[in-house]
Amino acid sequence: MRKLPVPEPVSAGLVLSYKCSSDCKHCMYACSPKWNADWIREADVRRFLSQLSGRIKPAPYGPDTIDLNSGLHFTGGEPFLNFELLLRAVEIAREVDIPSTFVETNCFWCANDDVTEARLRQLKETGLGGIMVSVNPFILESVPFERTERAARIGRDVFGRNAIVYQNFFYRQFTGLGVTGALTFESYLEKAGMEALGYAELIPMGRLPFKLSHLFARHRPEVFFDQSCDARLTSPHHIHVDNYGNYIGGFCAGISLGDAHDLESIFEGVDLDGRPILLALTTRMEKLYKLAKESAYEDLSDGYVSACHLCLDIRRHLVRQTDQFEELRPTQFYSHI
Ligand code: SF4
Ligand code: SF4
């Protein structure tokens, strides 16, 4: 049997659900308000975090500090859509001794100072280490900038240096441009100019290649045939476990390396013989393309902006035909791109 070796993770995200208040054009996990509210079960939070405990490494300055690439973050979707569950998850993480915890938020809920401060203090008292305030032109389409500013200001009051603004470039830029309220992406580009996007971390995977392909050069599929994704899919950094129990490596949403209810079985190596898509992706992209052609896959006439664009378009095609590929999970992801 061919097996894919998967090292134990050193940092991770726990996806509480894929439901989000926003529907960002760049979302790697294709989150939106349209997802079912399939919140992670409390018993699963405990099961996943207990297994991650002892494996997750603290941030470089210690377990009480945070860093985007260390520790464990609570994410989604938007975790504050279910504040009680978020609190409970933080409590469980503290009980099982997970270091360097923080929550990511788009700040939609920060409508006034009192609520913002009360919630952040409650989270801190429950054991949360810090907060990451997400700032970029895509979130700005649905979240008024005043709410982001409030979260950053009060987040610093409550968590001190453990309040991270990401990306700080956009925070400073929106402040400098005098942005108020929400702004469409087109209006943002008019104000800031196209060159501002040079500072954005535009990772051409997830929803982005489909919604913003006009920003990129496009290529024929053959250009990406040599790519193999084994290193990326099995990176021990920043893995995610979602609310359905999927173990996701390399930000590759929609690809499950296995069932996180039993992490040990994943670390013993993932059976590739029963997972042809994973086998193809960890060998050579051409293999995936040929497999897709056997089931009448048609190339996108305008080409592809990245290997991930090709990969995702093929995976979506396959999921539309059958749900037999157990590595293509959750299947709903493919209808929300
Ligand atoms: S990028 Fe963040 S805020 Fe935007 S849809 Fe995805 S999870 Fe929601
Ligand atoms: S090509 Fe597919 S498997 Fe490879 S990094 Fe992109 S999304 Fe992940």
Between [X] and [Y], which heavy-atom pair has the shortest distance, and what is it?
| X | Y | answer |
| --- | --- | --- |
| L120 | F159 | O-CZ, 3.8 Å |
| P9 | I239 | CB-CG1, 3.5 Å |
| C110 | R150 | O-NH1, 2.6 Å |
| T105 | F80 | OG1-CD1, 3.6 Å |
| N162 | G129 | ND2-O, 3.0 Å |
| G155 | I131 | CA-CG2, 4.3 Å |

Would you check if [X] and [Y] make a side-chain contact, meaning some heavy-atom pair closer than 4.5 Å?
| X | Y | value |
| --- | --- | --- |
| C20 | N106 | yes |
| L281 | C311 | yes |
| Y244 | Q332 | yes |
| T175 | E149 | yes |
| L257 | E327 | no |
| I248 | I255 | no |

Taking atom types as modelled and ignoring hydrogens, do the side chains of [X] and [Y] form a donor-acceptor contact shorter than 3.5 angstrom?
| X | Y | value |
| --- | --- | --- |
| D313 | Y297 | yes |
| Y334 | R315 | yes |
| Y188 | Q173 | yes |
| N243 | Y18 | no |

Intermediate values then yes/no, side chain to side chain donor-acceptor pair (under 3.5 Å), D44 and H261
CA-CA 7 Å; D44 284 340; H261 289 89; 2.9 Å; yes
Under a 3.5 Å distance rule, please check whether E91 uses its side chain to pair with a backbone N or O of T126 as donor and acceptor.
no
Is a side-chain N or O of Y166 found less than 3.5 angstrom from the main chain of M132, in a donor-acceptor match?
no
With the threshold set at 4.0 Å, does a side-chain nitrogen-carboxylate oxygen contact exist between [X] and [Y]?
| X | Y | answer |
| --- | --- | --- |
| R329 | D323 | no |
| D23 | R207 | yes |
| E78 | K19 | no |
| E286 | K290 | yes |

Holding to salt bridge (Lys or Arg N to Asp or Glu O under 4.0 Å), I want the full list of residues that pass it with [X], two or more places apart in sequence or in another chain.
| X | answer |
| --- | --- |
| K25 | E141 |
| D226 | R284 |
| R119 | none |
| K124 | none |

Go through N82 and E84 one step at a time and tell me if the side-chain contact (heavy atoms from CB on, under 4.5 Å) criterion holds.
CA-CA 6 Å; N82 191 338; E84 289 308 315; 4.2 Å; yes
Counting neighbours of [atom1] on [X] that are heavy atoms of other residues, nucleotides or ligands and sit closer than 6.0 Å, is the number greater than 12?
| X | atom1 | result |
| --- | --- | --- |
| E298 | CD | no |
| F83 | CZ | yes |
| K34 | NZ | no |
| R121 | CZ | yes |

Kindly determine whether R218 and S213 satisfy side chain to side chain donor-acceptor pair (under 3.5 Å), including the steps that lead there.
CA-CA 8 Å; R218 303 183 68 144; S213 60; 2.8 Å; yes
Measure the acute angle between the ring planes of W35 and H336, then classify it against the limits of 30° and 60° as parallel, tilted or perpendicular.
parallel
Same cluster (ILVMFWY, side-chain, under 4.5 Å), [X] and [Y]:
| X | Y | answer |
| --- | --- | --- |
| M1 | V270 | no |
| I164 | F170 | no |
| L86 | V133 | yes |

Step-by-step side chain to side chain donor-acceptor pair (under 3.5 Å) determination, T184 to S187:
CA-CA 5 Å; T184 64; S187 305; 2.7 Å; yes
Once side chain to side chain contact (heavy atoms under 4.5 Å, CB included) is applied, do any residues pair with S301, and if so which ones, sequence neighbours excluded?
none
Taking only residues two or more places apart in sequence or in another chain, which ones pass side chain to side chain contact (heavy atoms under 4.5 Å, CB included) with S228?
D230
Would Y304 and H219 count as a ring pair (Phe, Tyr, Trp, His ring centres under 6.0 Å) here? Give the steps.
CA-CA 5 Å; Y304 304 85; H219 308 279; 9.7 Å; no
Is the centre of the [X] ring less than 6.0 Å from the centre of the [Y] ring?
| X | Y | result |
| --- | --- | --- |
| F216 | H309 | no |
| Y29 | F333 | no |
| H238 | F251 | yes |

What's the verdict on ring pair (Phe, Tyr, Trp, His ring centres under 6.0 Å) for Y171 and F145, showing C-alpha distance, side-chain angles and the deciding distance?
CA-CA 9 Å; Y171 190 89; F145 187 51; 5.4 Å; yes
Distance (rounded to the nearest 0.5 Å) between L328 CG and S256 OG:
9.5 Å
